[in-house]
Amino acid sequence: MTPVATARALGEKAQRMIDALTAISASPDHLTRLYLTPEHKRAAELVGEWMREAGLSTRLDAAGTMRGSMPPGRAGRSGNKALLIGSHIDTVINAGRYDGNLGVVVGILAVETLKARGVALPFGIDILAFGDEEGVRFPVTLTTSAVTAGVFDPKALDITDDADITLRDALIAFGGDPARLKEEAYQRPSVLGYLEVHIEQGPVLERAQEPLGVVTAIASQSRHRIRIKGEAGHAGTVPMNMRHDALAAAAEIILAIEAIAKKDKKNSLVATVGHVEVMPGASNVIPADVRFSLDVRAANDRARQEAVEAITLVARKVDKTRHVVVGVETMLEKPVATCGARLQKAIGKAVTTVQGEPARSLMSGAGHDGQSMAHLGEFGMIFVRCRAGISHNPAEFVTIDDMGLAVEALVETILELARQ
Ligand code: HGY
Ligand code: MN
Ligand code: MN
Ligand code: MN
């Protein structure tokens, strides 16, 4: 088949696989697939089937990652190392269908394509379908890739979800095994590197009219929980100057967060409050207790840290002026994760070959499992154009042709590494 036909046929197969995964959701109305849920299990089993059809041996690991493995096809300088290829099959709430899922589908199709071409590689390939990159159910992110990279903090097992279920209990109920997480980690010398194909989740490639791009680094990121304790009271009787309104205090802090982030001009600083809980939540009761999430990112660690310090100062001020108690808890901090030079170069060559024009390099504002996998060695990412850069939204869209080109680019990257 001609390369274009191959890309088209691969894109059509990718679309069928994406659509099959999209149908596995907590809701018939939209795509929501959280970590360690029955829909996570069903999606992992479907991905496992595809992996086996591609000739990989599979197992669901103790953390809930579906792993597909292929040994080296021939001797070579890489010895018994494995090239890890992965992404995540968990989603946000009311998600787009390509975020994460596309990377797993493209990885499986790339292995199928290499086998169809009779390519014998001097290294193994492991495909990893991570179960928890988004960190939506539990307020920690990259859980399963952290286990894979040997950097999982067991204290996270005691973190609870909104239903007060601990990560440990959810893992056991899922059929995972908290006691075996440590042994699930790869050893650094056995890993050739980690590659992930992912939608850009931003507008750069579409604006440049290029289907693919090379990721240079993943932004510095931290997540926090802010809790405000005020005093419940009767909405009709407590005078305004005598209130300790936790939600009004939260509103003042949230607007200050937005103002701090907007002031930044050169560090791609962004700050988001995405989840707010108001207790007791009755319309005629002054809010007594408010908890909200805070997500801060920047192109460098210093800019992010300075923003968190400025936000914490505002929280202290509101604590005093409104006579409430404001607590700021840091749930995670991830420094900038830089993609390996060798993988960037191999991806750049492959993308240039496949798209027929020089590959563009760009930073990722979104977090990815590569932030964990960087602990095992080099990681590299291929970005795929998505319509208007929309993501974490059911309007997320990638064309069939671009998906086919993504498979071709991953195949070319693997062949480039095999030639080294
Ligand atoms: O939040 C993120 O950046 C990623 O989509 N989990
Ligand atoms: Mn993602
Ligand atoms: Mn995401
Ligand atoms: Mn990711």
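In this text the structure is predicted, and so the values were computed from the model without any measurement. Because only heavy atoms are used, hydrogens play no part in the values below, and waters and symmetry mates are left out as well, while side chains stay in. We count ligands from 1, going down the list as the structure has it; atoms in each ligand are counted the same way.
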*Enumerated ligand 1 atoms positioned under 4.0 Å from heavy atoms of Glu133*: 4 (C), 6 (N)
_Salt bridge Glu183-Arg180, side-chain N to carboxylate O under 4.0 Å_ = yes
_Arg8 and Asp401 ion-paired at < 4.0 Å_ = yes
_Polar side-chain atom of Glu306 near backbone of Ala303 as donor-acceptor pair, under 3.5 Å_ = no
*For Ala366, take its heavy atoms, then give the atoms of ligand 1 lying under 4.0 Å from any of them.*
3 (O)
*Charged N to carboxylate O below 4.0 Å: is that the case for Lys13 and Glu112?*
yes
*Is His392 touching ligand 1 with its side chain, its backbone, both, or neither, if touching means heavy atoms under 4.0 Å apart?*
side chain
_I'd like to know: is the Mn ion (ligand 3) within the 2.8 Å range of an N/O/S atom from His88, strictly under that distance?_
no
*Does Asp158 pair with Arg168 as a salt bridge, N-O distance under 4.0 Å?*
yes
*Measuring to the Mn ion (ligand 2), does His368 have an N/O/S atom at a distance below 2.8 Å?*
no
*Using a strict cut-off of 4.0 Å, indicate which atoms of ligand 1 neighbour a heavy atom of Arg223.*
1 (O)
*asked:* With respect to the Mn ion (ligand 3), please indicate if Glu134 possesses an N, O or S atom at a distance under 2.8 Å.
replied: yes
*Would you please determine whether His198 falls within less than 4.0 Å of ligand 1 on a heavy-atom basis?*
no
*asked:* Does any N or O of ligand 1 fall below 3.5 Å from an N or O anywhere on Gly367, backbone included?
replied: yes
_Check this for me: does any side-chain nitrogen of one of Arg59 and Glu184 sit under 4.0 Å from a carboxylate oxygen of the other?_
yes
_Please check whether Thr141 reaches ligand 1 - meaning an N/O of the residue sits under 3.5 Å from an N/O of the ligand, judged on distance alone._
no
*asked:* Can you tell me which portion of Gln371 lies within the under-4.0 Å heavy-atom range of ligand 1? Options are side chain, backbone, both, or neither.
replied: neither
*In plain terms, say whether Arg227 and Glu329 are close enough for a salt bridge, that is, a side-chain N and a carboxylate O under 4.0 Å apart.*
no
*Arg304/Glu333 salt bridge by N-O under 4.0 Å criterion*: yes
*Asp295 with Arg297: basic N within carboxylate O range, under 4.0 Å*: yes
*asked:* Check this for me, if you would: do Asp90 and Arg33 make a salt bridge, where the nitrogen-to-carboxylate-oxygen distance has to be below 4.0 angstrom?
replied: no
*Quick one: does Gln221 get an N or O within less than 3.5 Å of an N or O on ligand 1?*
no
*Go through ligand 1 atom by atom and flag the ones less than 4.0 Å from a non-hydrogen atom of Arg297.*
1 (O), 2 (C), 3 (O)
*Does Asp99, backbone or side chain, put an N or O under 3.5 Å from an N or O of ligand 1?*
no
*Of all the N, O or S atoms in Asp99, which one sits nearest to the Mn ion (ligand 3)?*
OD2
